[in-house]
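Every number for a ligand or one of its atoms is a count from 1 in the order of the listing.
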Amino acid sequence: MSAIDIIKRRLKEDRIPETPEEIGQKKKRPREVAFMDVNLCFPCGKCPEFCPVQCIEYLAAGSVPGRGVQPVQDRFQECIGCYICVEVCALLTDYDAVRMYESNLVEDVLGVKITDAVPPEPIPAQPYEEYFSEGGLYRHVGKGSRIREKMTAEERAIFARERVRG
Ligand code: SF4
Ligand code: SF4
């Protein structure tokens with residue numbers, strides 16, 4: 001079993017029974033959506049690999065001043081709120097850079113509607129660091145990984161083997 005299999009299984013046990021096994025697309029409005037803290041993202045490229053709706057992208061050049069390789073951010077209008085990127089970043093990297101925010105809050109802050117469908121055209125991701133980062137204006141949901149404390153020693157060993165070294 002791989003680390004991503006463990007993440008999916010544990011998330012299903014914990015709260016998200018509909019975490020998709022295959023690459024898919026948003027079908028219902030999520031209660032929470034993810035934001036990467038662009039100041040903490042290395043970027044290692046691990047979470048884009050595992051997002052089940054492939055909505056995490058590298059920011060355009062110059063988006064975050066002073067960074068050569070830009071950090072990643074998700075197109076939150078496509079996010080299904082599955083927590084996979086939170087767990088991948090917390091458990092497979094040294095960065096712990098992803099948090100979830102209530103969709104209602106995001107709508108109020110950004111003046112948008114988060115619906116049950118993806119936008120007709122992808123809306124490019126933005127840094128949003130003034131809102132959704134450790135020093136930002138708004139509080140995230142929870143404290144990051146939901147499953148860290150639930151893993152067995154065997155599962156921890158698998159994570160240790162697959163961990164990205166920055
Ligand atoms: S897993 Fe974390 S550090 Fe790696 S690209 Fe994603 S947010 Fe950045
Ligand atoms: S929570 Fe993360 S992995 Fe899941 S859909 Fe949203 S951006 Fe992708």
(request) Would you mind listing which atoms of ligand 1 come within a distance below 4.0 Å of any non-hydrogen atom of C47? (result) 1 (S), 5 (S), 6 (Fe), 7 (S)
(request) Could you tell me whether the side chain of E107 and the main chain of I114 form a donor-acceptor pair under 3.5 Å? (result) yes
(message) Heavy-atom distances under 4.0 Å decide this one: backbone, side chain, both or neither, for I80 against ligand 2?
(response) both
(request) Find all atoms of ligand 2 within a distance of less than 4.0 Å from any non-hydrogen atom belonging to V53, and give their numbers and elements. (result) 5 (S)
(request) Check each of K8, R148, K150 against D14 using the salt bridge (Lys or Arg N to Asp or Glu O under 4.0 Å) test, and report the only one that passes. (result) K150
(request) Indicate yes or no for a side-chain donor-acceptor contact from Q73 to the backbone of P127 under 3.5 Å, with no hydrogens or angles considered. (result) yes
(message) So if I count the atoms of ligand 2 from 1 in the order they appear, which ones are less than 4.0 Å from some heavy atom of Y83?
(response) 1 (S)
(request) Report the part of I56 (side chain from C-beta onward, or backbone N, CA, C, O) that has a heavy atom under 4.0 Å from ligand 1; answer both or neither where that applies. (result) neither
(request) State plainly whether the residues D96 and R99 are in salt-bridge range, i.e. N to O under 4.0 Å. (result) yes
(message) If we count only N and O atoms by modelled type, under 3.5 Å, do the side chains of E134 and N39 hold a donor and an acceptor together?
(response) no
(message) Within the structure, is a non-hydrogen atom of G45 found at a distance of less than 4.0 Å from ligand 1?
(response) yes
(request) State the atoms of ligand 1, each with its element, that fall below the 4.0 Å cut-off from a heavy-atom position in M36. (result) 7 (S)
(message) If I take every N, O or S atom of C85, is at least one of them less than 2.8 Å from atom 2 (Fe) of ligand 2?
(response) yes
(request) Look at C79 and state whether any of its N, O or S atoms is less than 2.8 Å from atom 8 (Fe) of ligand 2. (result) no
(message) Out of all atoms in ligand 1, which are within 4.0 Å of some heavy atom of V98? Include the element for each.
(response) 7 (S)
(message) Under 4.0 Å from a heavy atom of Y95: which atoms of ligand 1 are those, numbered in the order shown and with their elements?
(response) 3 (S)
(message) If I compare all heavy atoms of Y138 with all of Y101, which pair ends up nearest, and what's the gap?
(response) O-CE2, 3.5 Å
(request) Would you check if the side chain of S103 reaches a backbone N or O of R31 as a donor-acceptor pair within less than 3.5 Å? (result) yes
(message) Only heavy atoms of P52, strictly under 4.0 Å: list the atoms of ligand 2 that pass.
(response) 3 (S)
(message) Are more than 12 heavy atoms, taken from residues, nucleotides or ligands other than E57, located less than 6.0 Å from that residue's CD atom?
(response) yes
(request) Say whether, by atom type as modelled, one donor and one acceptor occur between the side chain of R75 and the main chain of P124 under 3.5 angstrom. (result) no
(message) I'd like to know if R10 pairs up with E155 as an ion pair, taking the criterion as any Lys NZ or Arg NE/NH1/NH2 lying under 4.0 Å from an Asp or Glu carboxylate oxygen.
(response) yes
(request) Would you mind listing which atoms of ligand 1 come within a distance below 4.0 Å of any non-hydrogen atom of F42? (result) 3 (S), 8 (Fe)
(request) Return the residue, atom name and 0.1 Å-rounded distance of the protein heavy atom closest to atom 2 (Fe) of ligand 1. (result) C89 SG, 2.3 Å
(request) With heavy atoms only and a cut-off of under 4.0 Å, state how C55 meets ligand 2: side chain, backbone, both or neither. (result) side chain
(message) Which residue and atom name correspond to the protein heavy atom nearest atom 4 (Fe) of ligand 2, and how close is it?
(response) C82 SG, 2.3 Å
(request) Among all protein heavy atoms, pick out the one at the shortest distance from atom 8 (Fe) of ligand 1; state its residue, atom name and that distance to 0.1 Å. (result) C41 SG, 2.4 Å
(message) To check you understand the geometry: which heavy-atom pair defines the closest contact between A125 and D74, and what is its length?
(response) CB-O, 3.6 Å
